[in-house]
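Side-chain atoms are counted along with the backbone in the values below, which use heavy atoms only and exclude waters and symmetry mates. Starting from 1, each residue takes its place in the sequence as its number.
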Amino acid sequence: MATEKVAEHGGDHREHDLILSNLERAIKEEEQVERELDVNELSRLCQLHGKGIPASQGLDQRKATVEICEFDDDGSGQLAEKCENGRYVWIGMLGAELWYSFYWFLTQSVRWNRIYRHTFRDRLLMRYENELPRVDIFVCTADPVIEPPIMVINTVLSVLAYNYPPVKLSVYLSDDAGSELTFYALLEASRFAKHWLPYCKKFNVEPRSPAAYFASLSVSDQSDADFSKMKGLYEEMANKIDVVCKAGTVSDQAKLEYKGFSKWNSYSSKKNHAAILQILNDSRDEETKDVDRVRLPTLVYVAREKHPEHFHNFKAGAMNALVSLVPVAHHISEILNKPVDDFVDYNVQLRVSSEISNAPVILNVDCDMYSNNSNAIQDALCFFMDEERSREIAFVQFPQSFGNATKNEVYGSLRVIDEVEFHGADGYGGPLYTGTGCFHRRDTLYGREYSTEARIDLKSACPEKMEENVHELEERLERLASSTYDLNTQWGNEIGLKYGCPVEDVLTGLTIKCKGWKSVYYRPKRDAFVGVTATTLDQILVQHKRWSEGDLMILFSKYSPVWYGLGKLNPGLVLGYLIYCLWSPNCWATLYYSIVPSFCLLKGIPLFPQVSSKWFLPFAYVVIAELIYSFAEFLWSGGTILGWWNEQRIWLYKRTSSYMFAFLDTMLKLFGSSNTTFIVTPKVTNDDVLLRYKQEKMEFGSASPMLTILSTLAMINLFCLMGLVKNLILTRVLGLEYVFETMALQILLCGVLVFVNLPLYNALFFRQDKGKIPSSTAFQSVGFALSVCTCIAYM
């Protein structure tokens, strides 16, 4: 039995050896198959790259890989090194894409809960026709050169002619330049108003800006005798103003006709002048009537004092000189919820409008934003006097529309913001206060906290005649517009518009909402206000720099919507504010995507998934879906196809120039290395520029750092695309199939960047008019871009 067991054991051993031998053979065969597959894949890459199969195809994988990476004599075929470089670049792209994803989420917040409103003016008049509140209208101007007096007085005349009881209407023109030219124009307008207001009411004129009205009519509509007479009166007034503006001074004869000119002296200038206040029309005076013997609205000229030694706080300071405080310290204490002793001095701190009219509702408009809808006041009051919800409404914001915008809006527009985003913000408690076309409840500008128990009654009786002489009143009120009046007070801090920010309007609206109030956004079928948009690229870039810089300053201030508004604002509204507060940081992701992929394209480094890869689909989906959605939204908002393309171009230009400078300036301000500035956008354009604007030719004209950056970026993308073409066709360094398989998205991105810059290339190399890019800027941009691309190509 023992012998038999040994035999059986030996048989088991041989069987075990046989199994092991078969397993080893199977493993070696599998390794051989994998080795052949890897070498075949490397050979395929060589063929895609435009090279032959290396001699080491039958060798092991590591040796084959070494030969693949080193077969190119000039070094451009070192794939391993390129893949390593691409990995670091991809990390940066991942950061940019994460930022875009975050910002996209913010923009969607104002698209989730949009509100569209409608008013019923007939019901308002039925209930409150004899109790409508008084309304004060503030028109602000700062420079008679860039804001021509004829444009200013057209705005004034349009708001004087509102379809509203004239005895309850007061218009204040704040002239921060203290210009006698503007005052002269306003004086002439006050005389013309005696004819214009009755004409508007008789014929129900729209719009009620004389210049806009006469320009809107065809020749066949101008045959009426009343029309001809009125147009003649307007042209006579406009000619007088034009003569004075060209001369740069008011004639001695005109000065003798009206004593108000005695306030100006030879030392008066835009930045250094005394306070001037002139009441041109007083609705309480029974003698202040138009040609139909109907009382005229109150009309007041105000130029606050300016002195080089005192900071004037720009538009916010001008507005606060007009806004009033209630004259009782106890009432102010109640509004601000602070001890009475803190406000004893405010018994005498009454600003200009409170002493003259003190209306509970205030409308402020920029001097270039004329009234296009004579019923706008009634529309606003439908919200302020609503029996159920009026008590929580602080202001009613109307959108900004532009009468000089071209069909395809060559410099972009605010179309999507007005038609989509502000309606979405309205669903969370109301839009931003944008600084013009806005009706305010006066008490909210005092710093009043919202309370469900308190109800502010806006009903007003007709103002009573003052016993004080008008001249005495003017003299007394001028001290309220002095340059030192705000010092050591709460003006600009807890009361009035906020100081210290380029977008004081947005900041003021934010703090009002954080006190519990809400706002309303209303877009009537007929635009309420129509203004003037920029007609050159430089103007639009400077304007957006100020806006984005101010919004970012708010984010880092104590009034940031993130920490100051948290718990006070609806979370959706906080996200809505962040859309605009984060405008300027968008520059870095955009700059990265505009430069780095193009440089990698020049070097032959792929950054996106191959076309044949399944990971290509998410990238393609995101790009296509975003473009289709943006395109559809723009068309739904009333834009055109070419207008959408122009919007994409300006989107790129703003993010790579305006927003970058805004971000850098904000950082310098945070570290105390820069001061706040306020640049007024010019409202006047010479004939050549205006002609090119109407033809939708971009105006590059003036040299500036922002234009230099835009030109340099455009040339970098052009040189990178040309470098790829050279490698494909001329030197054949890269294989055509390899390039389109691995770098299709990069080629598309660089090609789009080149295509979107076609107007800039035209201005650099082909245009001969004054709107072309200056030669100095062209040389700098081309030289720098060529140097950088050459260094990148041979690194």
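- Counting non-hydrogen atoms of neighbouring residues, nucleotides and ligands closer than 6.0 angstrom, the CZ atom of Arg526 exceeds 12 such neighbours.
- Every pair tested for salt bridge (Lys or Arg N to Asp or Glu O under 4.0 Å) that includes a residue from residues 703-724 fails, sequence neighbours excluded, so the list is empty.
- With no hydrogens or angles considered, no side-chain donor-acceptor pair links Tyr693 and Asp688 at under 3.5 Å.
- Heavy atoms from other residues, nucleotides or ligands lying under 6.0 Å from CD1 of Ile115 number more than 12.
- Classification of the Phe529-Phe398 ring pair by plane angle, with boundaries at 30° and 60°, yields perpendicular.
- Asn154 and Tyr213 share no donor-acceptor pair across their side chains, judged by distance under 3.5 Å alone.
- Scanning for salt bridge (charged side-chain N to carboxylate O under 4.0 Å, His left out) contacts around Arg111 gives Glu421, Glu633, with sequence neighbours left out.
- A search for side-chain contact (heavy atoms from CB on, under 4.5 Å) contacts involving Ser702 returns Asp538, not counting sequence neighbours.
- Under the rule for a salt bridge (charged side-chain N to carboxylate O under 4.0 Å, His left out), the partners of Arg121 that lie at least two apart in sequence or sit in another chain are Asp379.
- Salt bridge Glu419/Arg415: absent, no basic N to carboxylate O contact under 4.0 Å.
- Cation-pi geometry between Arg114 and Trp636 is met: the NZ or CZ atom falls under 6.0 Å from the ring centre, inside 45° of the normal.
- The ring-ring contact (aromatic ring centres under 6.0 Å, His included) test applied to Trp112 returns Phe105, not counting sequence neighbours.
- Between the side chains of Tyr522 and Thr119, at least one donor-acceptor pair of N or O atoms lies under 3.5 Å.
- Applying the ring-ring contact (aromatic ring centres under 6.0 Å, His included) criterion to Phe616, with sequence neighbours excluded, gives no partner residue.
- The aromatic rings of Trp645 and Phe755 sit tilted relative to each other, their planes meeting at an angle between 30° and 60°.
- Residues that satisfy the side-chain contact (heavy atoms from CB on, under 4.5 Å) test with Phe120, not counting sequence neighbours, are His118, Asp122, Arg123.
- Inspection of the Gln400 and Thr436 side chains reveals no N or O donor paired with an N or O acceptor under 3.5 Å.
- Counting only residues at least two apart or in different chains, salt bridge (Lys or Arg N to Asp or Glu O under 4.0 Å) contacts with residues 689-711 comprise Arg692-Glu699.
- For the residue pair Tyr593 and Thr656, no side-chain donor N or O sits within less than 3.5 Å of a side-chain acceptor on the partner.
- Every side-chain contact (heavy atoms from CB on, under 4.5 Å) that Asn586 has, sequence neighbours left out, goes to Trp99, Tyr103, Arg655.
- Partners of Ala793 under the side-chain contact (heavy atoms from CB on, under 4.5 Å) rule, at least two apart in sequence or in another chain, are Leu602.
- A donor-acceptor contact under 3.5 angstrom links the side chains of Ser374 and Glu206, judged on distance only.
- Shown here are the ring-ring contact (aromatic ring centres under 6.0 Å, His included) partners of Tyr116, two or more places apart in sequence or in another chain: His423.
- Panel note: side chain Thr107, backbone Trp104; a donor-acceptor pair is recorded below 3.5 Å.
- Asp426 pairs by the salt bridge (charged side-chain N to carboxylate O under 4.0 Å, His left out) definition with Arg117, not counting sequence neighbours.
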